[in-house]
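This report refers to the structure that appears directly beneath it.
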Amino acid sequence: MPLTDHTLQERYDVVVIGGGPAGLSAAVTLGRALRSVVVLDAGQPRNAPARGVHGFLAREGMSPAALLDAGRADAERYGATLVRAEAVHVRRVTDGFAVALADGRGVVGRRLLLATGLADGLPAIPGLREQWGAGVVHCPYCHGYEIRGQRIGVLGTGPMSIHQTLLFRQWSEHITLFLDDTVIPTDEEWDTLAARSVRVVDGAVASVDQVDGALTGVTLRGGTVFGLDALAVGTRMEARGDLVEPLGLAPQDHPSGMGHSIAPGPMGSTAVPGVYVAGNVSNLSAQVVVAAAEGTMAGAAINADLVAEETAWALDGYRGPFSASSEAGVSERVLGVRRHGLDDGPAMGASAPAGSKRREEVRRVG
């Protein structure tokens, strides 16, 4: 279901920036909570090059595009507005957050959910990006089963590459780690790699080779060619979080060293009240099913936050100087039980305390 250029309302309960699994799952949860929600989708899904989604119960092997189509249909079913638009600026306003779009339009939300995902930084090796999502993979749980038993290379990009190598060893006995003048194993790591029969190749990789669109191997700068059926690479993962920097919420170094992300609090809350995050923007290692779950939890947290705010408004109105109960109290103090010129009870001062009357009113109504 392709997105169309829907007409925007001026205000929504929630503005969701990002139309992937996290953003759409949040929109479904919020729509089912009878919230007005708009999803702004720039159309840049991280997993677009992948052939299928894996590890997602009941959606196993579905193409990323088909999964998004189904998710959009679910969100629209519950009243969410889906718009193909790129958010370019966010600022806090009196009643929430104002989001400016690249096409000149704008929208305000009482709450903001950032579900913009991340960008994968790949080494500048000829042929590598062309094979990304096909012969070049990154996650063993996403792709390991499909390349089981094959000749798998691991391109060294940092300290986590040895961990990645040992994981892929679960799916094949034919594993080669290319250090690429980047990874320097410790003595303990050399022993571990040897114990697992992992071949280690020193020297820089000059190219990722392919024939008729299929990966065939890699070539080192010295000219040596290694035949492979798949190549795993640990990317530099950068959260797409620049939008919320003006609000004081910037991506930070991830403890793993794999990139930058926005640190989430419970259920996607952040250090900035009213701003929530879900999916890869705050969880670099989240698979599709995890990103979707985080969107659901963030949607529930946002609704609870709005309910608390609306309850506070109602309570303030109930207790406020111009509330019905306050007006009745003033009338009693001035007139006793004489209202509108009628005497319908004992003399002034004989009435029950205001709190008792309120409780009695609640009991009668209930």
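Count residues from 1 along the sequence. Computed from heavy atoms alone, side chains included, the values below leave out hydrogens, waters and symmetry copies.
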- Under a 4.5 Å side-chain heavy-atom rule over Ile, Leu, Val, Met, Phe, Trp and Tyr, are Val281 and Leu247 clustered together? yes

- Task: Answer yes or no: is there a donor N or O on one side and an acceptor on the other, between the side chain of Ser269 and the main chain of Pro266, under 3.5 Å?
- Result: yes

- Message: Once side-chain contact (heavy atoms from CB on, under 4.5 Å) is applied, do any residues pair with Thr182, and if so which ones, sequence neighbours excluded?
- Response: Asp180

- Query: For the ring pair Tyr141 and Trp171, is the centre-to-centre distance below 6.0 Å?
  - Reply: yes

- If you count the non-hydrogen atoms of other residues, nucleotides and ligands that lie under 6.0 Å from CG in Asp187, is the total more than 12? no

- Task: Starting from the C-alpha separation in whole Å, work towards a yes-or-no answer on side chain to side chain contact (heavy atoms under 4.5 Å, CB included) for Val208 and Leu215.
- Result: CA-CA 7 Å; Val208 174; Leu215 183 141; 3.6 Å; yes

- Query: Hey, are the side chains of Ile17 and Leu113 touching, using non-hydrogen atoms and a 4.5 Å cut-off?
  - Reply: no

- Got Asp13 and Leu30 here, is their nearest side-chain heavy-atom distance under 4.5 Å? no

- Message: Test of understanding: clusters of I, L, V, M, F, W, Y form through side-chain heavy atoms closer than 4.5 Å, transitively. Do Val289 and Leu284 belong to the same one?
- Response: no

- Message: For residues Met258 and Leu177: do they belong to one hydrophobic cluster (side chain heavy atoms under 4.5 Å, members Ile, Leu, Val, Met, Phe, Trp, Tyr)?
- Response: no

- Item | Val14 side chain reached by Leu306 side chain, heavy atoms, under 4.5 Å | yes

- In terms of hydrophobic clusters joined by side-chain contacts under 4.5 Å, are Val90 and Leu101 together? yes

- Message: My understanding is that only residues two or more places apart in sequence, or in another chain, count here; which of them pass side-chain contact (heavy atoms from CB on, under 4.5 Å) with Asn283?
- Response: Ser285, Ala286, Val290, Glu294

- Message: Less than 4.0 angstrom from a charged side-chain N to a carboxylate O is my criterion; do Glu310 and Arg110 meet it?
- Response: yes

- Message: Between Val99 and Val108, is there a side-chain heavy-atom distance shorter than 4.5 Å?
- Response: no

- Item | Contact check, side chains of Val93 and Arg91, non-hydrogen atoms, under 4.5 Å | yes

- Item | With sequence neighbours excluded, residues passing side-chain contact (heavy atoms from CB on, under 4.5 Å) with Val201 | Thr176, Phe178, Arg199, Leu220, Phe226

- Message: Applying side-chain contact (heavy atoms from CB on, under 4.5 Å), can you list everything that pairs with Arg32, at least two apart in sequence or on another chain?
- Response: Val28, Tyr78

- Between Gln210 and Gln131, do the side chains contain an N or O donor and an N or O acceptor separated by less than 3.5 Å? yes

- Looking only at atom types and distance, does a side-chain atom of Thr157 sit under 3.5 Å from a main-chain N or O of Gly234, one as donor and one as acceptor? yes

- Query: Quick one: do Asp305 and Arg111 make a salt bridge, cutoff under 4.0 Å?
  - Reply: yes

- Query: Any donor-acceptor pair under 3.5 Å linking the side chain of Gln9 with the backbone of Arg11?
  - Reply: yes

- Message: Suppose we screen for ring pair (Phe, Tyr, Trp, His ring centres under 6.0 Å). Which residues come up paired with His143, at least two apart in sequence or across chains?
- Response: His138

- Message: How long is the straight-line distance from OG1 of Thr270 back to CG of Leu112, given to the nearest 0.5 Å?
- Response: 9.0 Å

- Item | Donor on one side chain, acceptor on other, Thr216 and Asp209, under 3.5 Å | no

- Item | Gly55 backbone acceptor or donor facing Glu60 side chain under 3.5 Å | yes

- Query: For residues His174 and Ser172, is any side-chain donor paired with an opposing acceptor at under 3.5 Å?
  - Reply: no

- Query: Are side-chain N/O atoms of Gln252 and His260 paired as donor and acceptor at under 3.5 Å?
  - Reply: no

- Query: CD of Gln150: more than 12 outside heavy atoms within 6.0 angstrom?
  - Reply: yes

- Given side chain to side chain contact (heavy atoms under 4.5 Å, CB included), test Leu40 with Val16 step by step and report yes or no. CA-CA 6 Å; Leu40 307 175; Val16 177; over 6 Å; no

- Task: Might you work through the side chain to side chain contact (heavy atoms under 4.5 Å, CB included) test for Asn303 and Thr29, ending with a clear yes or no?
- Result: CA-CA 9 Å; Asn303 180 64; Thr29 298; over 6 Å; no

- Query: Any side-chain heavy atom of Leu82 sitting closer than 4.5 Å to one from Asp41?
  - Reply: no

- Looking at side-chain heavy atoms only, is the closest gap between Leu155 and Leu128 below 4.5 Å? yes

- Item | Carboxylate-amine/guanidinium contact Asp120 Arg236, below 4.0 Å | no

- Message: Would you say that more than 12 heavy atoms from the other residues, nucleotides or ligands in this model lie under 6.0 Å from the CE of Met62, or not?
- Response: yes

- Task: Run the numbers on Phe97 and Val15 for side chain to side chain contact (heavy atoms under 4.5 Å, CB included), then give the verdict.
- Result: CA-CA 8 Å; Phe97 302 91; Val15 174; over 6 Å; no

- Note on the structure: In terms of heavy-atom contacts, Gln164 and Ala232 come closest through NE2-CB, 4.1 Å

- Compare all side-chain heavy atoms of Leu114 with those of Arg240 and state whether any distance is below 4.5 angstrom. no

- Considering residues, nucleotides and ligands other than Arg92, do more than 12 of their heavy atoms fall under 6.0 Å from its CZ? yes

- Item | salt bridge (Lys or Arg N to Asp or Glu O under 4.0 Å) pairs, two or more places apart, involving residues 132-151 | Arg151-Asp229

- Query: Does Ser207 offer a backbone N or O that forms a donor-acceptor pair with the side chain of Thr219 under 3.5 Å?
  - Reply: no

- Query: Are Val233 and Leu193 grouped together when hydrophobic residues (ILVMFWY) are joined by side-chain heavy atoms under 4.5 angstrom apart?
  - Reply: no

